[in-house]
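Inspection log for the structure reproduced underneath, given as structure tokens.
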Amino acid sequence: MITVRTFLSQSNKSDAIFYIVALLCLLPIISSPIALVLGFTLATFGLVPHRFNVAAFTKKLLSYSIIGLGFGIHLNQAIEASQNGLGLIVTSIFATLLLGYLLTRTMRLEAKTGHLIASGTAICGGSAIAAVAPAINAKDDQTSLALATVFVLNAIALFLFPVIGHALDMSQQAFGTWAAIAIHDTSSVVGAASAYGDEALKTATTLKLARALWIIPVALLSAMLFKGNRKKIGVPYFILFYCAAIVFAHFVPSLQPIYDGIFSASKRLLVVCLFLIGSGITIQKLRAAGLKPLLLGVLLWVGIGVGSLCYIQFAV
């Protein structure tokens with residue numbers, strides 16, 4: 001029979017393993033995909049501390065990391081990227097939402113679950129789902145299904161997109177644009193883009209956050225369509241601080257060495273974020289995604305991924 005002392009000893013060991021691996025993710029030898037796999041592996045073997053609120057900490061750390069990236073992006077570059085990508089952002093968002101509505105009806109999937117998956121695919125994954133869910137009074141199981149679906153596809157994107165980008169010999173800017181449009185969560189966008197190159201990372205981050213601003217109007221529209229509560233819409237304030245960091249660095253250029261340090265540190269913290277996200281993905285969550293929601297997510301993802309890739313490669 002396991003004594004209390006033995007249990008505490010085992011618990012402390014598993015906690016120590018988790019924190020050590022998290023610290024290792026700060027080292028350059030650990031890439032974004034590897035960090036995600038490490039997190040998933042620890043979660044599979046039950047080595048994630050039960051007292052540690054992974055989701056809440058990841059959300060905060062991701063916000064701080066993205067704000068830090070703002071210090072490494074030039075204002076003129078951010079404005080140019082946003083202007084050039086605005087049409088693609090708007091078109092992809094509403095085309096994805098429309099396709100999601102049609103597929104949800106065709107597949108006879110529960111309407112709110114389908115809309116949450118479509119919103120997550122159209123804008124920024126889990127953040128969009130978290131913002132839209134209370135606005136349409138979604139149930140916990142509907143939100144969980146949508147989040148599980150997005151988590152699975154995000155993990156795949158982190159590995160798949162850089163491989164496709166290199167196979168097609170995409171430029172840094174082209175890949176950054178594609179990643180920002182076609183990958184769900186901001187964490188996976190910056191992870192894939194960072195693996196491709198610094199210029200891809202800067203383009204992807206700027207466009208992704210410009211895309212994330214559409215959370216608010218889409219959540220308002222969703223509340224109207226589902227007769228939900230507009231007062232429960234969350235505002236992604238970290239995007240405003242990200243923009244403030246870009247502006248501050250532009251008007252106070254004398255601190256450039258400090259900005260470079262913040263930018264480098266933020267990139268490593270993003271790898272830690274992906275480790276934490278991986279530690280929140282369990283076999284149970286993968287099973288909970290179910291076939292229909294996952295199929296809807298894949299079809300929407302293929303639609304936005306192939307459509308935006310063709311536009312970037314042939315129309316631009």
Side-chain angles (χ1 to χ4, degrees), residues 22 25-28 30-33 35-36 57-85 89 123-128 154 157-158 161-162 165 172-215 235-277:
C25 290
L26 290 171
L27 301 177
I30 306 295
S31 65
S32 299
L36 189 77
F57 184 78
T58 304
K59 184 177 180 180
K60 289 182 179 180
L61 187 62
L62 180 61
S63 297
Y64 296 145
S65 301
I66 290 172
I67 293 169
L69 289 179
F71 288 100
I73 296 175
H74 297 295
L75 179 61
N76 294 333
Q77 180 187 36
I79 293 173
E80 183 181 356
S82 298
Q83 288 177 339
N84 293 339
I89 290 172
I123 308 174
C124 56
S127 299
N154 268 320
L158 199 58
F161 271 61
Q172 293 277 315
Q173 184 177 5
F175 182 83
T177 302
W178 185 43
I181 297 298
I183 300 179
H184 308 74
D185 275 339
T186 303
S187 56
S188 291
V189 170
V190 296
S194 179
Y196 205 78
D198 278 354
E199 290 304 313
L201 173 62
K202 293 175 181 178
T203 300
T205 305
T206 300
L207 287 179
K208 183 61 180 178
L209 296 182
R211 184 179 165 200
L213 288 172
W214 285 84
I215 286 177
V235 180
Y237 289 108
F238 74 92
I239 299 176
L240 302 180
F241 288 111
Y242 166 82
C243 296
I246 296 175
V247 173
F248 184 84
H250 177 76
F251 287 106
V252 190
S254 59
L255 301 177
Q256 190 58 49
I258 297 177
Y259 302 150
D260 292 339
I262 294 174
F263 182 74
S264 297
S266 297
K267 287 198 297 180
R268 295 316 308 171
L269 286 177
L270 284 167
V271 177
V272 177
C273 288
L274 287 165
F275 164 75
L276 295 173
I277 289 171

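Being a predicted model, the structure only gives us computed values, none of them experimental.
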For the residue pair Ser31 and Val271, what are the closest heavy atoms and their distance? O-CG1, 4.0 Å
Does any part of the side chain of Leu207, heavy atoms only, come nearer than 4.5 Å to the side chain of Ile181, both counted from C-beta? no
Has Gln172 got a side-chain atom pairing as donor or acceptor with Tyr196's backbone, closer than 3.5 angstrom? yes
Closest non-hydrogen contact found for Ala157 with Pro162 is O-CD, 3.9 Å
Heavy-atom check, side chain of Phe275 versus side chain of Leu36, under 4.5 Å: no
What I want to check is whether the side chains of Tyr242 and Thr206 have a donor and an acceptor closer together than 3.5 Å. yes
Taking the side chain as every heavy atom from C-beta outward, state whether Lys208 and Cys124 have any pair of such atoms under 4.5 Å apart. yes
Scanning both residues in full, the closest heavy-atom pair of Cys273 with Thr58 reads O-CG2, 4.0 Å
Please answer whether the main-chain N or O of Cys25 pairs with a side-chain N or O of Arg268 as donor and acceptor at a distance below 3.5 Å. yes
For Ala179 and Val189, which heavy atoms make the closest approach, and how far apart are they? O-CG2, 3.5 Å
Looking only at non-hydrogen atoms, find the nearest pair between Gly165 and Phe175 and report the distance. CA-CD1, 3.9 Å
Matching residue for Ser65 among Val272, Leu270, Val190, Thr186 - test: side chain to side chain contact (heavy atoms under 4.5 Å, CB included): Leu270
Anything under 3.5 Å between a donor and an acceptor, one on a side chain of residues 255-265, the other on a protein residue two or more places apart or in another chain? List them.
unit_1, atom_1, unit_2, atom_2, d
Gln256, NE2, Asp260, OD1, 2.9
Tyr259, OH, Val252, O, 2.7
Ser264, OG, Asp260, O, 3.1

Hey, does Leu269 have a side-chain heavy atom less than 4.5 Å from the side chain of Tyr64? no
Atom NZ of Lys202 and atom CG of Leu69: how far apart are they, to the nearest 0.5 Å? 10.0 Å
Atom pair CZ/CD1 of Phe241 and Ile67 - distance to nearest 0.5 Å: 6.5 Å
Residue pairs passing the salt bridge (charged side-chain N to carboxylate O under 4.0 Å, His left out) test with at least one member in residues 189-198, sequence neighbours excluded, are Asp198-Lys267
Do Leu274 and Leu158 come close enough that some side-chain heavy atom pair is under 4.5 Å? yes
Asn154 side-chain N/O to Asp185 backbone N/O, donor-acceptor pair under 3.5 Å: yes
